[in-house]
Amino acid sequence: MTKNIEGLVSFPVNAQRNSFFGALSSILLYRDAYTEDTPFFCGKHQRECIRCGDCENELFIHKHHLKIYQYLITITGCAYFWTDKEIGNSFDKPYTADDFSETALDRLSLALYASGYHYEAMKKNTKENVLFERIKQAIDEKQPVLIKLSLGDLWAVITGYDDNKKLPYLMKHRRLPQLDKDWYNKLSNIVFITDKYDSTISLSESLDHMIRHLNTGNRNKLEQKIYQKLETEQDGKKLGKWLNQINGLAIETRWHASECYRNTLTPMVGEKKCKKLLLEASDLHLRFHDQAWKIWGLLGVSSETFFCVPKNVDELLNKSSARSELKTLFQELFSIDRRVSYLLQKCLSML
């Protein structure tokens, strides 16, 4: 017998490099019963979308997927990372408001707490047949399952199962659901999203978490390291690759944060002054995004290079003003993060 949950939106939708939040957003979109007819709040115009602009042909269901993704990546603090290694590989730390992790090891529990769902997490120490029966139970109850495969940050969604072959259907990054013979061999974590919370995270708690992620000691150390490397590193290729990794992550995630402020957080506040602060923070992180594109320009990075540094990056970084301009741009990016933190703190004080 074969069973499959229909109607799940595949990921990524738009700029979504993080497979954890992509897969989780697909599940939550389904669990919360979003459809193409669900109204979408437009942060740009601060009203329900009337399909008036460049995005008029985008499906509402895709807009909702991206909105969930942006909300979760922002309130967990992951939108403020500068380096991939800060994401961490542990996902079973219970979330408590008084704890704070600079590496967001609690992002699973915090994301699901914010989304209003309990969950049950298992690892590979559970036998394959036991896990498969638990998967069948979840699918029969129309509950897609979140699964982490292998090392790194590869997440997928279990959408169904084949009882005869004893295999689950997995929807992976950029792929439609298909049977996976190696699911158990590659298994790292599996998460069953179960019943609803009676209440969820408050906006105040979310803002507090975001603010603390914008003000870590590691962030200040990285800032000084960037300036020092720009002045002393002789290997232009090595320097260019490192700066591109940092810039490539930040340029995407700050855009997500900006969209989260105006699409999701502003409708949560009644205080007009607080709403104004959130919109100002949104504009600042849009500027961050624009300035990060200038860094890409100095590094010779573009869609034509597939957002990798070109072969002549050494030559580009040896130009007389290039490193000085890069330092100025990075100084502005870090300054923007600090200014956003200040605005979020002012907003928090009004709640």
Side-chain angles (χ1 to χ4, degrees), residues 15 17-18 20-21 73-90 93 99-107 110 152-153 207-258 260-261 281 284-301 307-309 313-314 316-317 322-345:
R17 77 161 66 188
N18 190 305
F20 167 75
F21 289 110
I73 201 171
T74 301
I75 64 159
T76 56
C78 295
Y80 305 127
F81 288 155
W82 285 88
T83 57
D84 278 319
K85 68 179 182 179
E86 287 186 298
I87 291 175
N89 288 313
S90 176
K93 178 180 177 182
D99 287 346
F100 175 69
S101 166
E102 286 192 4
T103 54
L105 298 180
D106 56 356
R107 64 180 175 148
L110 175 53
D153 204 39
L207 288 173
D208 182 62
H209 197 86
M210 292 156 60
I211 291 163
R212 287 189 285 170
H213 267 289
L214 278 165
N215 293 284
T216 65
N218 284 342
R219 178 180 306 271
N220 298 331
K221 291 177 183 177
L222 177 63
E223 181 180 8
Q224 295 308 312
K225 183 177 180 179
I226 289 173
Y227 305 153
Q228 184 261 332
K229 289 290 185 182
L230 280 167
E231 292 174 0
T232 62
E233 180 58 61
Q234 298 300 311
D235 189 334
K237 188 174 183 180
K238 179 180 177 181
L239 176 62
K241 284 184 176 180
W242 182 63
L243 293 177
N244 187 42
Q245 287 177 347
I246 293 170
N247 194 60
L249 177 65
I251 193 173
E252 179 189 308
T253 56
R254 297 313 188 282
W255 174 69
H256 290 315
S258 173
C260 172
Y261 305 151
L284 281 170
H285 269 151
L286 280 181
R287 178 171 175 77
F288 183 113
H289 179 267
D290 292 342
Q291 297 304 89
W293 268 99
K294 293 180 181 179
I295 290 175
W296 263 345
L298 289 168
L299 295 174
V301 173
F307 299 103
C308 299
V309 291
V313 65
D314 201 339
L316 294 173
L317 288 176
R323 295 194 182 212
S324 175
E325 290 178 42
L326 283 168
K327 182 177 180 180
T328 298
L329 285 168
F330 272 108
Q331 284 175 330
E332 181 172 4
L333 298 191
F334 281 100
S335 175
I336 286 173
D337 270 357
R338 285 190 282 269
R339 287 158 65 191
V340 168
S341 176
Y342 171 74
L343 292 173
L344 297 181
Q345 289 178 64

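All heavy atoms count here, side chains included; hydrogens, waters and symmetry mates do not.
At a threshold of 4.5 Å between non-hydrogen side-chain atoms, the residues H256 and F21 do not count as touching. Between L333 and N247 the shortest side-chain heavy-atom distance falls below 4.5 Å. Contact check for E223 versus W82: no side-chain heavy atoms found under the 4.5 Å cut-off. Put simply, the side chain of R107 reaches to within 4.5 Å of the side chain of C78, judged on heavy atoms. With a 4.5 Å cut-off on side-chain heavy atoms, L249 and R17 count as touching. Counting heavy atoms from C-beta on, the side chains of L326 and L299 come closer than 4.5 Å.
Residues that satisfy the ring pair (Phe, Tyr, Trp, His ring centres under 6.0 Å) test with H285, not counting sequence neighbours, are Y261, F288.
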Sequence neighbours excluded and cut-off under 3.5 Å, please list the side-chain donor-acceptor pairs for residues 236-245, or say none.
residue : atom : partner : partner atom : Å
N244    : OD1  : W296    : NE1          : 2.8
N244    : ND2  : F307    : O            : 3.1

Discussion item. Run L316 and L298 through side chain to side chain contact (heavy atoms under 4.5 Å, CB included) and show every step you take.
Written reply: CA-CA 7 Å; L316 294 173; L298 289 168; over 6 Å; no
Practice prompt. Apply side chain to side chain contact (heavy atoms under 4.5 Å, CB included) to D337 and R254, showing your working.
Written response: CA-CA 9 Å; D337 270 357; R254 297 313 188 282; 2.9 Å; yes
Worksheet entry | Derivation of the side chain to side chain contact (heavy atoms under 4.5 Å, CB included) call for E252 and I73 | CA-CA 11 Å; E252 179 189 308; I73 201 171; 5.7 Å; no
Worksheet item: Stepwise, does the side chain to side chain contact (heavy atoms under 4.5 Å, CB included) test hold for T74 with M210?
Response: CA-CA 7 Å; T74 301; M210 292 156 60; 3.7 Å; yes
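A distance of 12.5 Å separates CD1 of I75 from CG of D208, quoted to the nearest 0.5 Å. The structure places OG of S335 at 8.5 Å from CG of L284, a figure rounded to the nearest 0.5 Å. With rounding to the nearest 0.5 angstrom, the NZ atom of K225 is 10.0 Å from the CD atom of E233. We find the CZ-NE2 distance between R212 and H209 to be 7.0 Å, quoted to the nearest 0.5 Å. Note that CD1 of I226 and NZ of K327 are 11.5 Å apart. Values are rounded to the nearest 0.5 Å. Expressed to the nearest 0.5 Å, how far CG of N218 lies from CZ of F81 amounts to 10.5 Å.
In this structure, R219 and H213 approach most closely via the heavy-atom pair NH2-O, 2.7 Å. Contact between V340 and A281 at its shortest, heavy atoms only, is CG2-O, 4.0 Å. N220 and R338 make their closest contact through OD1-NH1, 4.5 Å (heavy atoms, listed as atom of the first residue, atom of the second, distance).
Few gaps surround CD on Q228; more than 12 heavy atoms of other groups in view lie less than 6.0 Å from it. The number of heavy atoms from other shown groups lying within 6.0 Å of OH (Y227) is above 12.
When only modelled atom types and interatomic distance are considered, E332 and T328 share no side-chain donor-acceptor pair under 3.5 Å.
Salt bridge status for K294 with E325: absent, with no side-chain N to carboxylate O gap under 4.0 Å.
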